[in-house]
There are 4 protein chains.
Amino acid sequence: MSPERRAPYRAGNRENRRQALVEAAIDEIAERGFEGLRTREVAAHVGLNVATLHYYFPTKEALIRGVLDEAMRRFRSTLVADGSPADRLRNHLRAVRSLLREQPQVGAVMGELALRSARDPAVARILREMNDVWHRTLRALLRQAVRDGHLASELDSDAVAALVMSTLMNMCLPTFASPERKDQAFRQLERWLGFSGTGAARPAQSLS
Amino acid sequence: MSPERRAPYRAGNRENRRQALVEAAIDEIAERGFEGLRTREVAAHVGLNVATLHYYFPTKEALIRGVLDEAMRRFRSTLVADGSPADRLRNHLRAVRSLLREQPQVGAVMGELALRSARDPAVARILREMNDVWHRTLRALLRQAVRDGHLASELDSDAVAALVMSTLMNMCLPTFASPERKDQAFRQLERWLGFSGTGAARPAQSLS
Amino acid sequence: MSPERRAPYRAGNRENRRQALVEAAIDEIAERGFEGLRTREVAAHVGLNVATLHYYFPTKEALIRGVLDEAMRRFRSTLVADGSPADRLRNHLRAVRSLLREQPQVGAVMGELALRSARDPAVARILREMNDVWHRTLRALLRQAVRDGHLASELDSDAVAALVMSTLMNMCLPTFASPERKDQAFRQLERWLGFSGTGAARPAQSLS
Amino acid sequence: MSPERRAPYRAGNRENRRQALVEAAIDEIAERGFEGLRTREVAAHVGLNVATLHYYFPTKEALIRGVLDEAMRRFRSTLVADGSPADRLRNHLRAVRSLLREQPQVGAVMGELALRSARDPAVARILREMNDVWHRTLRALLRQAVRDGHLASELDSDAVAALVMSTLMNMCLPTFASPERKDQAFRQLERWLGFSGTGAARPAQSLS
DNA sequence: AATGAATGAGAGTTCATTCAT
DNA sequence: AATGAATGAACTCTCATTCAT
């Protein structure tokens, strides 16, 4: 009735709105942790009332579940690549680094989710599934790279995959160390793997 | 009168009580995270009223600070060792593993603290200091081990120290992976370092 | 379902609600003092939950500030009048008396505020400003009344204004004396001023 | 046993201790009001534990009662004087002013008590009794001064006594006005009474 | 005569959630 | 599709009071 009422905002259908809320929630979690996540704040960041948030997500838990799904989705995208196994491996590592550098909130949220998984079976299940997929993918790539002669044949693909995952995940823990230290750890891993610096894979014999 | 009236604890002096409360808080944090830490619950676990908790710790923040101090103390103890640098290194790695296996709450709390450090400058400062000490200690041990001929001379002690820290810290993220996967990552690190399995250090040339 | 479920108030808009809460707070303060002011009680008197009170006033302090403003508003209304200076003066005195007789809570709250001003700079500032306005107004009226020949020319308008304020304020101290004694004090003041009883101003020479 | 333990402090018998606690309470009330009166604080100011305070005063109410008695005692002392009625009157006014200037806490406590009397029948009774005594004393002095020819014969001793009490009591309300304004009010009262400034009583005809 | 330790009963405040509109 | 208003339940923290020593 009154002329100053909000423009209809027809652009956003249900999914757009949900997506916007999830993104706002991710930002909030990255900044304040699950501990500091407030539905009111999330809604406000999208320009909505809290009550409206509950129209899209019945409970806070549901919103968090949305966050979990989105985080998984973004992370999974770093695994998509083509080329030789060695290339795909190298590209994956780089993609993870880029993701964490360009969207630091994703890393923060992953860390929070990892901790939350200790108390929340639903989160635990999803994270575990994702980790299994990730581990299997890495292991397969490592094996193929070994078979292709790009990596040392004695390499324990299971164990190396686990170490790679560990190192990447660690970048999600904020002040575990300075950013430089994280990079050092990461490069050391690459060195041992034979991916020295920017260039092509080093000779396989550098790995055991 | 009533038989279930709790007998007042006379045994504990001030420090015992504070310690008991800190330990209860650690257990609570490990189980429910900072998010789920409730002063009433902590007090109840020691058999006390909330008001009494505030008699020992003026605020919840002070209690958390006590938790931080205790976690640091326990972690620092894994660095105390003697023997050759290579032995001290090996013992340190094992001590951390034992600590995390025998007192899983400590790991959980470390993880929580690491995340909290992103928003709490006080926690960040303490964690950073501890990490600096840790890094310097590891680096020195690695250098000496290289000088002693136990590790490959090309080894970048800075970077390897960072990778070691990363791998150990990662054990604090609960369901990042199954326990086996964590062990794999850890053993792979030892392998690259030349500490294969239970025995003596492998020849230095296994490291680059 | 249950018949005693309170019907939600739909009548009141935001300002009405705030006003209702302030009035309830005034009544509470009058009855129990600032010492006994409980947000829960105030909310209940308006038929609301405590949480809802905090929806309108973020903190208890903000509510008290609302009380302060309202008390000042009501008191200020006793100064609004027209007629000759002598009439305005007389009417003001009567208005204050009526106010205190008809809304004794206002007097009680004024007394509480006066005491609180000793520790609360914000209250102190507002009260002081109001007193300054009051004093200036009274002084001006007295001077004009002298000029008009209604009051004795030797009268020290500053000092008489102060004494008038003092006498009126004192009516806010509950059992300083019996109501009769307060009236006596007040009438004695009027007598000295030349406003004897109900009627017109007495000849100016009765004042010094 | 240990040499540094507190000196026995034999000086203080039960009454001394109670007195010390009451005085500390008066200071606290003057500074923070009844609202901010904390038994712990009072005890600490005397160098005692809270529990010990309860040894001397079973409840907080009992302590407040002690404060009330002490305040009354101090105030009563301003009425003790000798000389002609006019002198006694003048001296009483001066004594009250001195008391309030030299022991401002007493004034503050009187103000607090006056307000509290609205809710606390015990306080109300005592205050009322004291006020009755005060009023009777003033009235008798005024009558005698009239009889002696020091004050105007038409003077309504009841009403003037009430106005005097009102003016003096008002000095207990902190920022009702600036100190100067209080003095003005007080001096105006003296002027009307015929006690101009420091000197002797003015001729009786200045009063009506 | 004195105290450290303990507590029950609240206080103000926060927040996810609901509901009429 | 959206919201203002409302709430229950819970949280941290406070304080007068008690009690064994």
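In what follows, chains carry the letters A, B, and so on, assigned in the order in which the sequence lines appear, proteins first and then strands, with residues in each chain numbered from 1.
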Notebook entry, point to check: Out of dA6(F), dT17(F), dT17(E), which nucleotide sits closest to the side chain of Leu48(C)?
Noted result: dA6(F)
Note to self: Without decimals, in angstroms, what is the distance between Leu63(D) CG and dA16(F) C1'?
What the structure shows: 12 Å
Check: Any Lys/Arg nitrogen of Glu61(C) or Arg65(C) sitting under 4.0 Å from an Asp/Glu carboxylate oxygen of the other?
Finding: no
Checklist line | Arg17(D) to Phe57(D) six-membered ring, cation-pi geometry met (6.0 Å, 45°) | finding: no
Check: In whole angstrom, what separates Arg40(A)'s CZ from dT7(F)'s C1'?
Finding: 11 Å
Notebook entry, point to check: Does dA2(E) have OP1 or OP2 sitting under 4.0 Å from an N or O in the side chain of Arg17(D)?
Noted result: yes
Checklist line | Nearest-nucleotide pick for Arg38(B), side chain only, options being dT13(E), dC15(F), dT12(F) | finding: dT12(F)
Next item on the list: Report the base-pairing partner of dA1(F) (Watson-Crick or G-U wobble, both distances below 3.5 angstrom), or none.
Entry: none
Next item on the list: Describe the nucleic acid contact of Thr52(D) in one word from base, sugar-phosphate, nothing, applying a heavy-atom distance below 4.0 Å.
Entry: base
Item checked: Separation of dA1(F) C1' from Asn49(A) CG (nearest whole Å) -> 12 Å
Notebook entry, point to check: OP1 or OP2 of dA5(F) less than 4.0 angstrom from a side-chain nitrogen or oxygen of Arg14(C), does that happen here?
Noted result: yes
Margin query: Return whichever of Tyr55(A) or Ala51(A) has its heavy-atom-nearest nucleotide of DNA chain F closer to the 5' end.
Written below: Tyr55(A)
Item checked: Ion pair check, Glu112(A) and Arg116(A), cut-off under 4.0 Å -> no
Checklist line | Member of His45(D), Gln105(D), Arg38(D) meeting the side chain to side chain donor-acceptor pair (under 3.5 Å) criterion with Glu28(D) | finding: His45(D)
Next item on the list: Whole angstrom is fine here: how far is it from CD in Glu28(B) over to P in dC11(F)?
Entry: 11 Å
Item checked: Atom pair distance, as rounded to whole Å: CD in Glu15(A) and C1' in dA1(F) -> 15 Å
Note to self: Is it true that Gln19(C) and Glu23(C) share a donor-acceptor pair across their side chains at a distance under 3.5 Å?
What the structure shows: yes
Check: How many Å lie between CZ on Phe57(B) and P on dA5(E), as a whole number?
Finding: 13 Å
Next item on the list: Check the distance between dA16(E)'s C1' and Glu61(A)'s CD and give it to me in whole angstrom.
Entry: 11 Å
Check: Rounded to whole angstroms, how far apart are CG on Leu53(B) and P on dG8(E)?
Finding: 14 Å
Note to self: I want to verify a distance call: between dG12(E), dA1(E), dT7(F), whose nearest atom is closest to the Thr39(C) side chain?
What the structure shows: dG12(E)
